[in-house]
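To start, the structure under review is shown below, and the notes come after it.
First listed ligand is number 1; within each ligand, the first listed atom is number 1. Counting begins at 1 with the first residue of the sequence.
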Amino acid sequence: MVTSSVSRKRVWFITGSSSGFGRALAETLLDRDERVVLTARNPHQVEDLTAKFPHNAYSVELDVTKPQQVREAVKQAIAYFGTIDVLVNNAGCEVAGVIEEVSDEAVRRQFETNFFGVLETLRAVLPHMRQQRSGHILNISSIASFVPGAGGGIYSSSKLALEGITTSLAREVEPFGIKVTAVEPGSFSTNFFMNSYVLIDAKNQDYEPLISDIRQRIQNLIGNQPGDPKKAALAMIKVVNSDNPPLRLPLGADTVSAIEGAIEFIKTELDAWKEVSRNTAFDEVVVEENHVAK
Ligand SMILES: NC(=O)c1ccc[n+]([C@@H]2O[C@H](COP(=O)([O-])OP(=O)(O)OC[C@H]3O[C@@H](n4cnc5c(N)ncnc54)[C@H](OP(=O)(O)O)[C@@H]3O)[C@@H](O)[C@H]2O)c1
């Protein structure tokens with residue numbers, strides 16, 4: 001059951017507040033009289049919000065790939081508002097292209113933003129949340145962690161890495177009253193494809209049809225994404241208001257279908273290969289049926 005308690009005026013720290021989900025969430029929160037640390041690589045992009053909400057909005061320059069800037073931004077935010085109650089690791093980008101051809105440098109750039117940037121921000125905020133014995137962390141993942149399509153492997157792997165630390169982190173910080181949720185949007189109408197997405201051209205002719213097909217699909221998708229970022233913002237606020245928030249929040253009917261499909265696929269393959277999978281222990285070892293790896 002989803003229950004919720006009336007929230008006090010919290011402080012939200014949002015990475016990538018300039019655009020898309022980050023901006024929609026910031027605007028929704030400010031309209032509701034909550035306090036928001038708007039972080040952006042270029043703080044001019046959020047000046048309209050600090051001007052409109054001078055008491056509740058505070059902007060800080062932040063590129064999540066710059067560790068020193070991350071620590072400084074968190075320090076400034078706490079000095080200004082006295083606390084951070086909710087951290088939203090939203091900043092993200094996508095490098096698309098085939099596994100064989102995307103350069104190591106591009107892969108590392110992808111992980112610098114989507115994984116190491118989050119890790120750095122978490123590590124800067126967690127000591128504060130642990131000390132205050134409360135907090136909620138939202139890590140913006142993706143439908144791509146359930147359906148890693150051809151050409152999307154590098155992005156998917158960065159979001160899967162994020163899912164991995166989200167689950168472990170939730171267990172590690174639960175004793176300190178800190179909640180953690182992976183938010184998994186499907187296709188939403190943000191600036192992502194214009195602003196944060198790069199498709200690497202095929203070098204080998206063999207991959208040209210796939211890359212052309214992806215390019216065409218993206219062109220067709222722009223402006224036709226079904227998801228409304230404002231509704232995503234409301235769903236995230238609902239989760240943070242909940243007394244019993246989920247570890248995962250899929251957003252969009254497309255993500256719900258993708259997860260249902262993934263569950264069915266895993267179950268079908270698991271059943272088909274169960275005997276092979278099970279019979280791998282030394283003959284003298286008796287493995288309990290419900291053994292869970294620690
Ligand atoms: N839109 C979707 O359909 C969708 C679906 C699943 C997941 N997501 C995820 O949602 C998150 C937000 O994306 P969006 O759709 O809202 O796209 P967006 O409108 O392009 O917003 C991306 C935000 O991330 C910021 N950003 C990128 N790299 C950064 C860095 N190194 N440091 C700080 N900020 C950085 C951008 O800042 P600048 O303005 O400076 O570039 C921008 O504010 C991403 O994590 C994305 O993977 C989106």
Side-chain angles (χ1 to χ4, degrees), residues 13-28 36-49 59-70 72-74 87-96 106 108-121 124 138-149 152 154-163 166 182-198 217-218 221-233 235-236 248-256 258-259:
F13 184 103
I14 305 173
T15 67
S17 306
S18 62
S19 172
F21 287 126
R23 191 175 172 100
L25 179 59
E27 286 173 353
T28 309
V36 181
V37 182
L38 303 153
T39 80
R41 286 192 283 198
N42 176 1
H44 292 309
Q45 290 179 282
V46 294
E47 266 173 2
D48 59 322
L49 292 177
S59 75
V60 188
E61 183 180 351
L62 176 57
D63 178 334
V64 296
T65 65
K66 297 182 176 161
Q68 181 58 35
Q69 220 175 62
V70 172
E72 194 49 43
V74 169
L87 165 63
V88 186
N89 283 309
N90 164 71
C93 60
E94 174 165 1
V95 177
R108 289 199 165 91
R109 253 197 344 258
Q110 173 75 100
F111 273 74
E112 282 300 331
T113 305
N114 290 12
F115 181 73
F116 289 105
V118 174
L119 195 59
E120 198 63 46
T121 314
L138 301 181
N139 287 337
I140 310 300
S141 175
S142 171
I143 185 177
S145 59
F146 294 97
V147 277
I154 305 304
Y155 176 69
S156 296
S157 61
S158 72
K159 292 296 188 182
L160 277 162
L162 185 55
E163 293 267 346
T166 301
V183 178
E184 298 155 339
S187 185
F188 275 76
S189 183
T190 68
N191 295 323
F192 193 73
F193 290 118
M194 280 80 79
N195 188 35
S196 308
Y197 178 90
V198 178
R217 275 191 284 126
I218 300 298
L221 192 58
I222 292 174
N224 294 310
Q225 298 101 316
D228 176 353
K230 281 268 170 203
K231 288 199 179 161
M236 289 187 239
R248 293 196 177 82
L249 174 69
L251 290 179
D254 48 355
T255 307
V256 172
I259 295 174

query: Is the shortest side-chain N to carboxylate O distance from E120 to K66 below 4.0 Å?
result: no
field: Cationic N near anionic O, under 4.0 Å, E61 to R41
entry: no
task: Would you please write out the protein residues whose heavy atoms approach any atom of ligand 1 to under 4.0 angstrom, listed by chain and number?
output: G16, S18, S19, G20, F21, R41, Q45, L62, D63, V64, T65, N90, A91, G92, T113, I140, S141, S142, Y155, K159, P185, G186, S187, F188, T190, N191, F192, N195, S196
- prompt: Judged by modelled atom types alone, do T166 and N139 share a side-chain donor-acceptor pair under 3.5 Å?
  reply: yes
- request: List in chain and number order the residues that pass side chain to side chain contact (heavy atoms under 4.5 Å, CB included) with A235, two or more places apart in sequence or in another chain; answer none if no residue qualifies.
  value: L249, L251
query: By ring pair (Phe, Tyr, Trp, His ring centres under 6.0 Å), which residues pair with F188, not counting sequence neighbours?
result: F21
message: Restricting to salt bridge (charged side-chain N to carboxylate O under 4.0 Å, His left out), what partner residues turn up for D48, sequence neighbours left out?
response: R23
